[in-house]
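Just below is one structure, and these are the notes that go with it.
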Protein chains: 2
Amino acid sequence: MSQKTYEARKFKLIQFYRKFRRLPTYEELAELYGVKSKGSLHKYVQKFVDEDLIVKSEGGKLIPTTKLYGLRVLGSVQAGFPTVAEEELVDTMSLDEYLIANPDATYMLTVSGDSMIDAGIVEGDMVIVDRSKTPKPGDIVVANVDGEWTLKYFMDRSGKIFLRAANKKYPDIHPQDELTIGGVVISVIRKY
Amino acid sequence: MSQKTYEARKFKLIQFYRKFRRLPTYEELAELYGVKSKGSLHKYVQKFVDEDLIVKSEGGKLIPTTKLYGLRVLGSVQAGFPTVAEEELVDTMSLDEYLIANPDATYMLTVSGDSMIDAGIVEGDMVIVDRSKTPKPGDIVVANVDGEWTLKYFMDRSGKIFLRAANKKYPDIHPQDELTIGGVVISVIRKY
DNA sequence: TTGACAAGAGAACAAATGTTCTCTATAATG
DNA sequence: CATTATAGAGAACATTTGTTCTCTTGTCAA
């Protein structure tokens, strides 16, 4: 089994997974690779398992790993950007899994307004909000101020809770009665 | 079929998919729901298909939709943050699919240094880099300057190409001979 | 009480599943 | 040349797959 054709098979497998969000059956593999023998395909699959692209659970069920569906993570910018030839991977990972700890309590919002500009959050950014987290001082939260939802820093000065924008234009907000927090911002995403 | 138990089944299905990255078989569904009849399970599955959590391809193969594996997207912050009761979803989507157009040419890097601070990119951020894109003026690129990789704006003044940091501390860089570009930054991610 | 309805058990079915063989043709190596 | 290794074809297999039935039970409303 040459290295080149293995890479080609790996590529096709990844493409299949992206398209159907599941691993192919042997019959589909046969069509994918133009090979009729299930025996040969079984060897292919075993190779994928050896390379950790796939893990087998009880009953021969196949489970993909981040090596198959994840994004390639290189080191830091300054550490260098390897060429295609080098390909020094640090890790592979899924953005969904990396950014979202509690999928059932997590939402995404589009940012409008400039109240968090000094925190590097600008209009058009998307923020990922975790509803299940309890805000800590310094956290950015989605808060309801006068019936309107905004992004603010959650502050706590000796037990007295208030909100602060990351923009000197806006004054601090000291809630008179109750403060409604929609969730804690756990991630900010900007797409160019 | 009561609404409450349907929601419970939906939740378990989503959990199963997150864990195994594939949809369960009928036997696994039976264990999941504590029901022995395949006939009943078949009705469950049909309900999932009706609700667009799942799509059936030829041969009864099941394909999950973003409604099943995606993140919930609400409107903008100012537009309001619906309560759990309201749940006004705008969309569901996968971050992987949303952020990454060319998975095979896309990498992730950790940012170090302060050269792009005015662009809202700070140390510790992660940038997603597309190697296959051709840089346009104004794009942020991963560039090799004097054997070191850095983030810079890609500039073009009347045919003359140069690099500019988003930080007044650093001067423009006019490459004498050749400019090596590692890729174009398509997204920035900050995790708190 | 009666009737209508829905949920689940259980059985039956053809088709597809993954695995393990043997055998042949080809390529690589001495 | 002879030898060894490798890839694929093809067949056989025990399971498991999804689908479609019938039958029983329980629930709710009239």
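Protein chains get the first letters and strands the later ones, always in sequence-line order, with residue 1 at the start of each.
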Starting from [atom2] on [N], measure out to [atom1] on [X] and report it in whole angstrom.
X	N	atom1	atom2	value
Arg9(B)	dG8(C)	CZ	C1'	11 Å
Lys43(B)	dG10(C)	NZ	P	14 Å
Lys47(A)	dG18(C)	NZ	P	21 Å
Arg22(A)	dA16(C)	CZ	C1'	12 Å
Ile54(A)	dG18(C)	CD1	P	11 Å
Leu62(A)	dG18(C)	CG	C1'	9 Å

Looking only at non-hydrogen atoms, find the nearest pair between Ser94(A) and Tyr69(A) and report the distance.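 Closest approach of Ser94(A) to Tyr69(A): CB-CE1, 3.7 Å.
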Between dT19(D), dG18(C), dG8(D), which nucleotide has the shortest distance from any of its atoms to the side chain of Tyr44(A)?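 Among the listed nucleotides, the one closest to the side chain of Tyr44(A) is dG8(D).
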For the pair Arg18(A) and Asp104(B), find out whether any cationic side-chain nitrogen is under 4.0 Å from an anionic carboxylate oxygen.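 Answer for the salt bridge query: yes.
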Report, as yes or no, whether the 6.0 Å neighbourhood of atom CD on Gln46(A) holds more than 12 heavy atoms from other residues, nucleotides or ligands.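 Buried by this count: over 12 neighbours within 6.0 Å.
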Salt bridge (Lys or Arg N to Asp or Glu O under 4.0 Å) with Glu97(B): which residues, sequence neighbours excluded?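 Only Arg21(A) meet the salt bridge (Lys or Arg N to Asp or Glu O under 4.0 Å) criterion with Glu97(B).
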Does the side chain of Thr25(A) get closer than 4.0 angstrom to OP1 or OP2 of dT17(C) through an N or O atom?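 It does, given that an N or O in the side chain of Thr25(A) lies less than 4.0 Å from OP1 or OP2 of dT17(C).
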Counting just side-chain N and O atoms, does Tyr26(B) come under 4.0 Å of either OP1 or OP2 of dT16(D)?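 For dT16(D), OP1/OP2 do not have a side-chain N/O of Tyr26(B) under 4.0 Å.
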Name every residue in residues 28-42 of chain A that has at least one heavy atom under 4.0 Å from any atom of DNA chain D, in order of residue number, or write none if there are no such residues.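 DNA chain D contact set from residues 28-42 of chain A: Val35(A), Lys36(A), Ser37(A), Gly39(A), Ser40(A).
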Would you tabulate the side-chain donor-acceptor contacts of residues 114-124 of chain A under 3.5 Å, counting partners in other chains and residues two or more places apart, or write 'none'?
{"from": "Asp114(A)", "atom 1": "OD1", "to": "Tyr170(A)", "atom 2": "OH", "distance (Å)": "2.6"}
{"from": "Asp114(A)", "atom 1": "OD2", "to": "Lys169(A)", "atom 2": "NZ", "distance (Å)": "2.9"}
{"from": "Ser115(A)", "atom 1": "OG", "to": "Leu151(A)", "atom 2": "O", "distance (Å)": "3.3"}
{"from": "Glu123(A)", "atom 1": "OE1", "to": "Gly113(A)", "atom 2": "N", "distance (Å)": "3.1"}

Would you call the rings of Tyr44(B) and Tyr33(B) parallel, tilted or perpendicular, where under 30° means parallel and over 60° means perpendicular?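 If you compare the ring of Tyr44(B) with that of Tyr33(B), the planes turn out perpendicular.
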